[in-house]
Structure formats: C-alpha cells, structure tokens
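Below is one structure, written out as structure tokens; comments come after it.
Numbers here are sequence positions counted from 1.
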Amino acid sequence: MTTLMTVLGIVVFVVGLLFSIAWHELGHLSTAKLFGIRVPQYMVGFGPTIWSRHKGETEYGVKAIPLGGYIRMIGMFPPGDDGKVTARSTSPWRGMIEDARSAAFEELQPGDEKRLFYTRKPWKRVIVMFAGPFMNLVLAVAIFLSVLMGFGINTQTTTVSTVSDCVISQSEKRDKCADGDPASPAKAAGLEPGDRIVAFNGDRVADWSSLQGHIRDTVGPATLTVERDGATRTLHASLVKNQVAKNDGNGRAVPGEYVTAGFLGFSPATGVVQQSFGQSVDRMGDMITTGVQSLIDLPQKVPALWDAAFGDGEREPDSPMGVVGAARVGGEVFNLDIPPEQRVATMLFLVAGFNLSLFLFNMLPLLPLDGGHIAGAVWEGIRRHAARIFRQPDPGPFDVAKLMPVAYVVAGIFICFTLLVLVADLVNPVRIS
C-alpha cells in the first residue's frame with residue numbers, strides 16, 4: 001500500500017508539473033498569436049516527440065522529457081548588420097550568434113516578413129515574454145488562495161497543549177525543573193491543557209501570533225479569558241521575564257538566538273485553521289519574499305549541496321530541490337499520517353510552490369530565460385525613446401543574438417547546477433515528516 005501511494009503521489013505531481021509547463025507556454029502562445037506572430041510549434045517537454053498534432057499553422061505536442069517546454073516563434077532575433085541571416089564566421093563566438101540568428105528564421109514562409117517576433121514593438125515583446133511566467137504566478141496565487149481559504153493550514157492555535165511546571169530559560173536547553181525554579185505563571189494561574197484562550201487583558205485574540213505578541217509584551221499582572229468545557233472562565237496570572245526564542249519576520253524561531261520577553265509558560269496546540277483572505281494574502285507575500293531571498297542565497301548554498309551529494313553532509317530542509325526531488329516529496333506526501341484532504345492540500349501547496357519558483361526564476365534578466373528577452377526589449381525601447389527625444393536616427397532593434405555566447409555560459413551553469421541538484425535528490429533527498 002505504501003508503494004502504491006508513493007507512486008500515486010509521484011504521478012499526481014508529474015501531472016501537476018506538466019500542466020504548469022503547458023500553462024506557462026500557453027501564456028506565450030496566446031499573446032504571440034494575439035500580436036500576429038507566427039508560432040510553428042508549441043511543445044511540452046524536451047527530447048523525442050511522443051505525440052503531436054497540427055492545428056492551423058501550429059504543431060502542438062508532448063515530448064519525452066518533462067523538464068520544460070517551449071514555443072517556437074519566427075524571427076526571435078533580427079538579421080545581422082549586413083541584413084543576412086545565414087552568414088558564417090570562423091570565430092566560435094560569432095558562430096553561436098549566427099546559428100541562433102539562423103534558427104530564428106527556420107521555416108520562414110512567404111508573407112512571414114510582417115509576422116516576425118523582432119518586428120513587434122518592444123512593449124508587445126515584453127508582454128509575450130512576460131505572459132509565460134505571469135501564468136505561473138496566476139496559477140500559484142489561485143492554488144495558494146484555494147488551499148489557505150478552503151482547506152486551511154496546520155498552524156499553532158490559542159488552545160493550550162501543555163503547561164510548563166516551572167520557569168526555565170529556553171537558552172538553557174533543558175525541559176526538567178530543577179530545585180529553586182519558580183512555578184510557571186500559567187501553572188500558578190490554573191491554566192490547563194485544552195483551554196482555549198480567547199482574550200488577553202480584555203483584548204480578543206484570534207490567532208497564536210496575536211496572543212504570543214501580547215504575552216511577550218507583558219511583564220506583571222494579566223487577565224486571561226479562556227473557554228473550558230463549554231464555559232468561559234477568567235484566570236489571573238503574573239507574567240515574568242524570561243529568555244525565549246527569537247522569532248523571524250514570519251514568526252518562526254531563529255535557531256540559537258534568544259530575547260528577553262514576557263513569559264506565561266505553556267505550549268500552543270496545532271490544528272488546521274482556514275485563513276481569511278487578508279491572512280492568505282499576507283502569507284503569500286511572505287512566501288514571495290522568502291522565494292526571492294532563496295533565489296538570492298542560491299550561490300552560497302552550493303557548497304552545502306555539494307557536500308550533501310558527494311560528501312557526508314546533511315541535506316538542509318531548505319536546500320535547493322529539483323524536479324526529481326519534488327516528485328519524491330510528492331510520493332512522501334501521499335504516505336503522511338494525516339487526513340486525506342490534508343494530503344491533497346499539501347500536494348497542491350507543492351505544485352503552487354513549483355509555479356511560484358518558475359515565475360521568480362524566469363524573471364531573472366538573463367538569457368536564455370524569459371527575463372533576458374524582456375530586458376533586451378526594454379533596453380531597445382529605452383534606446384529608441386531616447387533617440388526620438390534627442391532627434392537622433394532610430395537605432396533599430398536591439399540585437400539580442402549578440403548576447404548568445406553569454407546565454408550559452410549561463411545555460412551551462414544552469415545545467416551543471418541542475419545535475420548537482422539531481423545527484424543530491426537521488427543520494428541524499430530532502431524528506432518531509
């Protein structure tokens with residue numbers, strides 16, 4: 001049964017992956033056709049073609065390797081300075097440029113002269129290239145909102161799980177009381193496991209973040225309003241100063257860092273809680289911020305990733321993870337000892353996170369990514385606008401093909417990094433519990 005659920009989880013993730021890729025390319029396809037650009041191919045995947053069908057002027061198909069997708073637009077790059085497309089050079093760098101330029105004009109047909117990508121105004125090219133990542137962002141937001149507001153997420157609540165017997169500084173890293181440790185304020189006040197705290201000093205508290213803030217800001221007498229066995233009770237506690245874990249901007253404890261704050265002395269229970277629209281938007285904002293920071297921190301995670309793949313290093317929970325690793329996690333999700341609806345919610349969260357990563361990664365202003373083409377179109381627009389203002393001759397299209405040697409270097413780095421992540425995902429995978 002475990003193997004069956006693992007396979008099912010992997011299959012579900014792969015289907016979500018393929019849909020996300022197809023959705024991304026649909027953004028490019030629809031806007032390209034909207035602006036009259038001819039698109040000979042729309043493909044999901046790379047490698048040998050498994051299935052394809054022609055509809056109108058476009059071939060739609062699925063390829064064997066589900067690691068990406070593409071649409072092929074005629075005239076991605078302008079002709080060279082001599083107006084030629086097929087000129088050759090003995091220089092390997094010039095050869096790369098000319099090969100890219102030649103490929104952009106493959107399958108050129110009579111009448112295509114006015115349907116070339118590079119002939120479209122810069123703002124139209126920006127829309128075409130941005131549409132793909134934007135579709136991933138839309139899908140991520142839709143899934144996140146559906147899960148957060150519909151299923152809810154497992155989070156700390158204002159219900160009491162356990163009550164501390166005494167006051168222990170969290171920096172001491174012990175959980176047993178010693179002689180001389182004073183009784184915890186919660187214990188002295190009569191707080192019990194199962195109590196739900198609904199107000200602190202008369203202020204209603206709806207979530208753990210709010211209640212924790214009140215507790216940490218208070219030293220001295222405090223009034224707790226709790227619900228116990230269907231009845232509302234009022235308890236009186238005297239909070240004390242204590243060393244407690246420092247929280248980051250997302251409310252998570254920062255390992256090894258502590259602050260002095262008010263202390264009550266209980267652990268909150270966790271439960272699945274549906275989020276409001278405002279709470280969901282806040283959480284998505286935190287996810288996007290975390291995603292951007294993770295992208296910035298990516299280079300400095302390479303040494304630890306190498307050690308995890310080829311040494312004896314542990315795989316960090318926030319380590320970069322590829323498609324294979326994500327599919328493996330998808331298999332583990334379906335084996336978690338949680339209700340079925342939460343398995344579905346977790347899987348949806350995984351797919352949404354993948355789409356958010358696709359959006360952020362593709363927006364990097366580097367060729368061959370979408371962001372690189374966007375940057376080229378924006379730069380062309382700035383040059384042409386400046387020429388009009390200063391009454392200079394039109395500089396013409398910005399030749400993105402001249403950046404292809406850089407694109408090959410960037411692609412090589414991406415391929416090496418992808419292979420490193422693949423090895424780490426196979427020999428030392430990220431696991432969930």
Side-chain angles (χ1 to χ4, degrees), residues 25 27-42 57-58 70-135 359 361-414:
E25 298 304 335
H28 292 313
L29 177 73
S30 58
T31 50
K33 286 182 174 290
L34 176 67
F35 295 134
I37 301 167
R38 192 164 76 82
V39 184
Q41 271 192 324
Y42 167 97
E57 62 186 14
T58 304
Y70 65 92
I71 68 166
R72 192 145 57 84
M73 294 180 284
I74 297 297
M76 283 290 291
F77 307 116
D81 295 333
D82 57 1
K84 296 180 180 179
V85 174
T86 58
R88 291 301 302 159
S89 170
T90 57
S91 165
W93 297 109
R94 287 296 308 170
M96 291 180 187
I97 296 171
E98 291 155 3
D99 287 343
R101 206 186 308 281
S102 178
F105 286 85
E106 285 183 357
E107 300 184 26
L108 191 65
Q109 298 176 356
D112 282 347
E113 294 79 8
K114 296 182 179 180
R115 303 189 63 190
L116 305 175
F117 176 78
Y118 84 89
T119 62
R120 295 301 177 262
K121 292 182 179 180
W123 67 267
K124 290 185 178 181
R125 279 179 276 151
V126 168
I127 290 176
V128 172
M129 300 313 298
F130 179 69
F134 180 69
M135 294 289 271
F359 168 75
F361 185 70
N362 272 288
M363 290 309 296
L364 290 175
L366 300 170
L367 288 173
L369 302 175
D370 295 330
H373 290 282
I374 292 172
V378 169
W379 175 240
E380 178 184 322
I382 292 173
R383 289 199 316 166
R384 287 184 152 180
H385 186 66
R388 284 196 298 271
I389 291 177
F390 294 105
R391 298 183 179 180
Q392 297 294 316
D394 186 348
F398 175 66
D399 193 0
V400 181
K402 292 180 178 179
L403 299 178
M404 288 311 295
V406 178
Y408 282 116
V409 173
V410 172
I413 293 173
F414 287 162

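- Closest approach of Phe361 and Leu369 over heavy atoms only: O-CD1, 3.4 Å.
- In terms of heavy atoms, Arg384 sits closest to Asp394 at NE-OD1, 3.0 Å.
- The CZ atom of Arg125 sits 10.5 Å away from atom CE of Met73, with the distance rounded to the nearest 0.5 Å.
- Put simply, the side chain of Arg38 never gets that close to the backbone of Gly75: no donor and acceptor are under 3.5 Å apart.
- Considering only heavy atoms from C-beta on, Ile374 stays 4.5 Å or farther from Pro365 through its side chain.
- Put simply, OG1 on Thr31 and NZ on Lys124 are 12.0 Å apart, with the number rounded to the nearest 0.5 Å.
- Taking Arg383 as the reference, Trp379, Pro395, Phe398 meet the side-chain contact (heavy atoms from CB on, under 4.5 Å) condition, with sequence neighbours excluded.
- For the pair Asp370/Met363, no side-chain contact is recorded, criterion being any heavy-atom separation below 4.5 Å from C-beta on.
- Here the side chains of Val410 and Leu367 are not in contact, with every heavy-atom distance at 4.5 Å or above.
- Rounding to the nearest 0.5 Å gives a distance of 9.0 Å between CD1 of Ile413 and CG of Leu366.
- Within the model, atoms OH of Tyr42 and NE2 of His28 stand 10.5 Å from one another, a figure rounded to the nearest 0.5 Å.
- Listed here is the closest heavy atom pair of Gly27 and Ser30: O-OG, 3.2 Å.
- A heavy-atom distance below 4.5 Å is not found between the side chains of Met76 and Val400.
- Considering all non-hydrogen atoms of both residues, Val39 and Thr58 come closest at O-OG1, 2.6 Å.
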- Message: Run Glu57 and Lys33 through side chain to side chain contact (heavy atoms under 4.5 Å, CB included) and show every step you take.
- Response: CA-CA 11 Å; Glu57 62 186 14; Lys33 286 182 174 290; 3.9 Å; yes

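- Contact between Phe35 and Trp123 at its shortest, heavy atoms only, is CZ-CZ3, 4.2 Å.
- Across Tyr118 and Pro397, no two heavy atoms sit closer than the pair CD1-CG, 3.9 Å.
- From Ile127, atom CD1 reaches atom NZ of Lys121 across 11.5 Å, with rounding to the nearest 0.5 Å.
- Looking at heavy atoms from C-beta onward, Arg120 lies out of side-chain contact with Val128 at the 4.5 angstrom threshold.
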